[in-house]
Amino acid sequence: QVQLVESGGGLVRAGGSLSLSCAASGVTFSAYAMGWFRQAPGKEREFVAAISWSFEVTNYADSVKGRFTISRDNAKNTVSLQMSSLIPEDTAVYYCAAGLRGAVTHTFGYHYWGQGTQVTVSS
């Protein structure tokens, strides 16, 4: 059974930093590209960042470039999202996802999804 479990969400003030982590089990982690998406209330789920299985490719949404960094540890089956210079518009539930189509930006490129972790940025 494939499981993706996010952690590290919380409440932070604007300008602050937060680090999210996603632990994978039941899957050959090193074979999958990993992505982070987010969904704010009343909005569609949107792409945040992705990293290929080989670490060679990373993609970021324009809204987070220069502020967020995605990384992975294939030995620990984890993917992380380091977020800095947070703004209220970053408030959302953040989801990690695993897929076999590379570090793509579309939700349909990912087969497995976590339950999400809430990130709230206060002004």
Side-chain angles (χ1 to χ4, degrees):
Q1 181 180 359
V2 178
Q3 275 195 316
L4 300 177
V5 180
E6 303 94 338
S7 61
L11 174 64
V12 64
R13 286 191 174 184
S17 299
L18 209 58
S19 183
L20 304 183
S21 184
C22 173
S25 60
V27 65
T28 304
F29 182 78
S30 59
Y32 284 77
M34 298 300 296
W36 285 97
F37 289 76
R38 67 187 182 187
Q39 188 166 17
K43 294 187 176 182
E44 292 188 353
R45 192 168 298 189
E46 66 174 5
F47 170 75
V48 175
I51 185 168
S52 64
W53 66 271
S54 64
F55 302 82
E56 291 179 351
V57 177
T58 55
N59 284 322
Y60 294 93
D62 288 343
S63 59
V64 307
K65 277 182 183 176
R67 300 189 298 121
F68 291 12
T69 302
I70 189 171
S71 61
R72 65 187 295 160
D73 186 334
N74 285 354
K76 295 182 178 179
N77 287 5
T78 59
V79 60
S80 299
L81 185 69
Q82 179 65 41
M83 306 183 293
S84 61
S85 301
L86 285 160
I87 59 178
E89 289 75 16
D90 295 320
T91 295
V93 177
Y94 283 70
Y95 300 88
C96 75
L100 293 173
R101 297 188 181 184
V104 298
T105 64
H106 304 290
T107 56
F108 57 75
Y110 296 87
H111 303 78
Y112 303 110
W113 292 83
Q115 293 299 307
T117 185
Q118 176 71 47
V119 172
T120 303
V121 184
S122 64
S123 57

Which distance, rounded to the nearest 0.5 Å, do you find between the [atom1] of [X] and the [atom2] of [Y]?
{"X": "Thr107", "Y": "Gln39", "atom1": "OG1", "atom2": "CD", "answer": "10.0 Å"}
{"X": "Ser122", "Y": "Leu11", "atom1": "OG", "atom2": "CG", "answer": "5.0 Å"}
{"X": "Arg72", "Y": "Asn77", "atom1": "CZ", "atom2": "CG", "answer": "9.0 Å"}
{"X": "Glu46", "Y": "His106", "atom1": "CD", "atom2": "NE2", "answer": "14.0 Å"}

If the plane angle is over 60° it's perpendicular, under 30° parallel, otherwise tilted; pick one for [X] and [Y].
{"X": "Tyr94", "Y": "Phe68", "answer": "tilted"}
{"X": "Tyr110", "Y": "Trp113", "answer": "perpendicular"}
{"X": "His111", "Y": "Tyr32", "answer": "perpendicular"}

pair [X]-[Y]: side-chain heavy atoms closer than 4.5 Å:
{"X": "Leu86", "Y": "Leu18", "value": "yes"}
{"X": "Leu4", "Y": "Met34", "value": "yes"}
{"X": "Ser63", "Y": "Arg38", "value": "yes"}

Do [X] and [Y] share a hydrophobic cluster (ILVMFWY, side-chain heavy atoms under 4.5 Å, transitive)?
{"X": "Val104", "Y": "Val57", "answer": "no"}
{"X": "Val119", "Y": "Phe47", "answer": "no"}
{"X": "Tyr112", "Y": "Ile51", "answer": "yes"}
{"X": "Val121", "Y": "Phe37", "answer": "no"}

Ser71, Ser21, Ser17 screened by side-chain contact (heavy atoms from CB on, under 4.5 Å) with Gln82, the one that passes: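 Only match with Gln82 under side-chain contact (heavy atoms from CB on, under 4.5 Å): Ser17.
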Of the options Leu81, Val48, Val79, which is the one that meets Leu20 in a side-chain contact (heavy atoms from CB on, under 4.5 Å)?
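Checked Leu81, Val48, Val79 against Leu20; only one passes side-chain contact (heavy atoms from CB on, under 4.5 Å): Leu81.
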Nearest heavy-atom neighbours spanning [X] and [Y]:
{"X": "Ala103", "Y": "Ala33", "value": "N-CB, 3.9 Å"}
{"X": "Ile70", "Y": "Trp36", "value": "CD1-CD1, 3.6 Å"}
{"X": "Asn74", "Y": "Phe55", "value": "ND2-CE1, 3.4 Å"}
{"X": "Arg67", "Y": "Asp90", "value": "NH1-OD2, 2.7 Å"}
{"X": "Glu6", "Y": "Gly116", "value": "OE1-N, 2.9 Å"}

Residues at least two apart in sequence or cross-chain that pass side-chain contact (heavy atoms from CB on, under 4.5 Å) with Ser25, listed by chain then number, are Gln3
For Trp53, the other hydrophobic cluster members (4.5 Å side-chain criterion, sorted by chain and number) are none
Cation-aromatic face contact Arg45/Tyr95, 6.0 Å, 45 degrees
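Output yes; distance and angle both within limits.
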Practice problem: Say whether Gln118 and Thr120, considering side chains only, have a donor N or O and an acceptor N or O under 3.5 Å apart. | Solution: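 There is such a pair (donor and acceptor under 3.5 Å, judged by atom type) between the side chains of Gln118 and Thr120.
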